[in-house]
Amino acid sequence: MSTTNATPLPDATPRDRRRWASYLVDERAEARVYRELAARKSGEERDILTALADAEGRHEAHWLGLLGGEPQRLPRASVRTRMLAAMARRFGSIFVLALAQNAENRSPYDDDPHATPAMRADEKIHGEVVRGLAARGRMRLSGTFRAAVFGANDGLVSNLALVMGIGATGVAPQFVLFSGIAGLLAGALSMAAGEFVSVRSQRELIEATHPNNDTDHVLPDLDLDANELALVYRTRGLDEDDALARARKVIATAQASDRAVPYRRAAEPPADLESVGSAFGAAASSFAFFASGAVIPVLPWIFGLSGLSAVVLALALVGLALLLTGATVGLLSGAPPLRRGLRQLAIGFGAAAITYLLGLLFGVSAA
């Protein structure tokens, strides 16, 4: 059913017309967002985003038809749509698509009698299209983003818990500061070492399972019709016929080569090593991510504060950082940012509260 053949409704109320005008400006703004994102892409993703913009244009035409043409005055686009447009101009598509996914899933057309069934269906399908586009970006970002959020959050929570627990025992401010710096270095080095071992072990496992060319020099001596090379290819997943054809081709190529030098095929680097990354790079980034989070709880003591003022400022700074990291995770995962931010805040402050109470307990016992 087409959404472009709407005709003006003479009995429309002023409230109806205001709502249609609001839909009109939102559809135009969303179409511009998709076109701006498409301009930064190429190939299939560009075509998909352009098609989404064209669909928003069809919806725009529907509301224009009901309004009887361009209104003399138009309202501003919704805050959500304006925020999408601003982010599309300034940031990458991952954040924008994550917001757009939520927006498409909460279409106002579901309850509007003047929106056609086709438009309601379009909005639902748009949500799935945007979800698929956002998923591509999340997959590209997932490894680095996971390490960044995990490292920074671990530094925030662990060092906040440390300085709260140490501070609650009543020790001197200098001791709290040195404990916080020691916790930062110990945690960052531990994270870096763990990430280095993890990535290095993963690379070694991939290298150990990747086929090598150590036996290439004997290939020219194999019997073309009676050999076990086909079994090698069967262990790599080929069926019997394909493995036999592959073995014959490899042996025939080897036997046609110059026998004056040992035969050797060109080495093929393991394709998965690129996705695993460098062990040194992973270690350095883990150190930096953890340290960037762990330094925040120590800042008040670094700048000379002590006592209750230092504790309150540390809690405020860490609370803000936890809200930001939680909201960012929520935004990229398509979940409500505020809810994810509050969850992160509750977890972090909960851990700090436990260690603070333990510090008080030990401080009283020591006294």
State yes or no: do L324 and I347 share one hydrophobic cluster built from I, L, V, M, F, W and Y residues joined by side-chain heavy-atom distances below 4.5 Å, directly or via other members?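 No, L324 does not connect to I347 through the hydrophobic network.
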
Hey, could you give me the [atom1]/[atom2] distance between [X] and [Y], rounded to the nearest 0.5 Å?
X	Y	atom1	atom2	result
R58	T116	CZ	OG1	10.0 Å
L66	H114	CG	NE2	7.0 Å
W63	S22	CH2	OG	10.0 Å
F196	S201	CZ	OG	9.0 Å
Q344	L342	CD	CG	10.5 Å
L345	L320	CG	CG	10.0 Å

Note: [X]-[Y] ion pair, threshold 4.0 Å (strictly below):
X	Y	answer
R120	D112	no
R35	D54	yes
E70	R28	yes

Taking every non-hydrogen atom, the tightest pair across D111 and P113: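 Of all heavy-atom pairs spanning D111 and P113, the closest is O-CD, 3.6 Å.
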
Non-hydrogen atoms of D242 and D239 that approach each other most closely: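 Looking at all heavy atoms of both residues, the closest pair is N-OD1, 2.8 Å.
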
Indicate yes or no: at least one non-hydrogen side-chain atom of [X] is less than 4.5 angstrom from one of [Y].
X	Y	result
L52	E56	no
V25	R76	no
P71	L24	yes
L64	E60	yes
V157	V318	no
L244	D241	no

Determine whether more than 12 heavy atoms belonging to other residues, nucleotides or ligands lie under 6.0 Å from atom CZ of R19.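 Atom CZ in R19 is packed in, count exceeds 12.
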
Suppose the criterion is side-chain hydrogen bond (donor to acceptor under 3.5 Å, both in side chains): which pairs have a residue in residues 291-312, not counting sequence neighbours?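 Found none.
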
Who pairs with [X] by side chain to side chain donor-acceptor pair (under 3.5 Å), at least two apart in sequence or on another chain?
X	result
R234	none
E27	H59, Y109
D47	none

Who passes side-chain contact (heavy atoms from CB on, under 4.5 Å) against R15, sequence neighbours left out?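 Result, side-chain contact (heavy atoms from CB on, under 4.5 Å) vs R15: T13, R18.
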
State which residues pass side-chain contact (heavy atoms from CB on, under 4.5 Å) with L299; sequence neighbours excluded, sorted by chain then number.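 With neighbours one apart ignored, the set is V295, I302, F303, L317.
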
Look only at the side chain of T325 and the backbone of L322, and say whether a donor-acceptor pair between them is shorter than 3.5 Å.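 Yes, T325 side chain to L322 backbone: donor-acceptor pair under 3.5 Å.
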
Sidechain-backbone polar pair: D26 side chain, A77 backbone, donor-acceptor under 3.5 Å: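 No, the answer is negative, given that no donor and acceptor are paired below the 3.5 Å cut-off.
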
So L162 and N159, side-chain contact (heavy atoms from CB on, under 4.5 Å) or not? Walk me through it. CA-CA 5 Å; L162 176 64; N159 229 26; 3.6 Å; yes

Verdict with supporting geometry, I48 and Y34, side-chain contact (heavy atoms from CB on, under 4.5 Å): CA-CA 9 Å; I48 292 172; Y34 288 133; over 6 Å; no

Pick one: which of V33, L37, V129 meets side chain to side chain contact (heavy atoms under 4.5 Å, CB included) with L49?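 Testing L49 for a side chain to side chain contact (heavy atoms under 4.5 Å, CB included) against V33, L37, V129 leaves exactly one candidate, L37.
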
Pair D154, M191 - check side-chain contact (heavy atoms from CB on, under 4.5 Å), show working. CA-CA 9 Å; D154 194 14; M191 288 282 291; 3.7 Å; yes

Evaluate the side-chain contact (heavy atoms from CB on, under 4.5 Å) criterion for residues F290 and S158: first the C-alpha distance (whole Å), next the side-chain angles of each, then the deciding distance (0.1 Å), finally the verdict. CA-CA 10 Å; F290 184 95; S158 63; 3.5 Å; yes

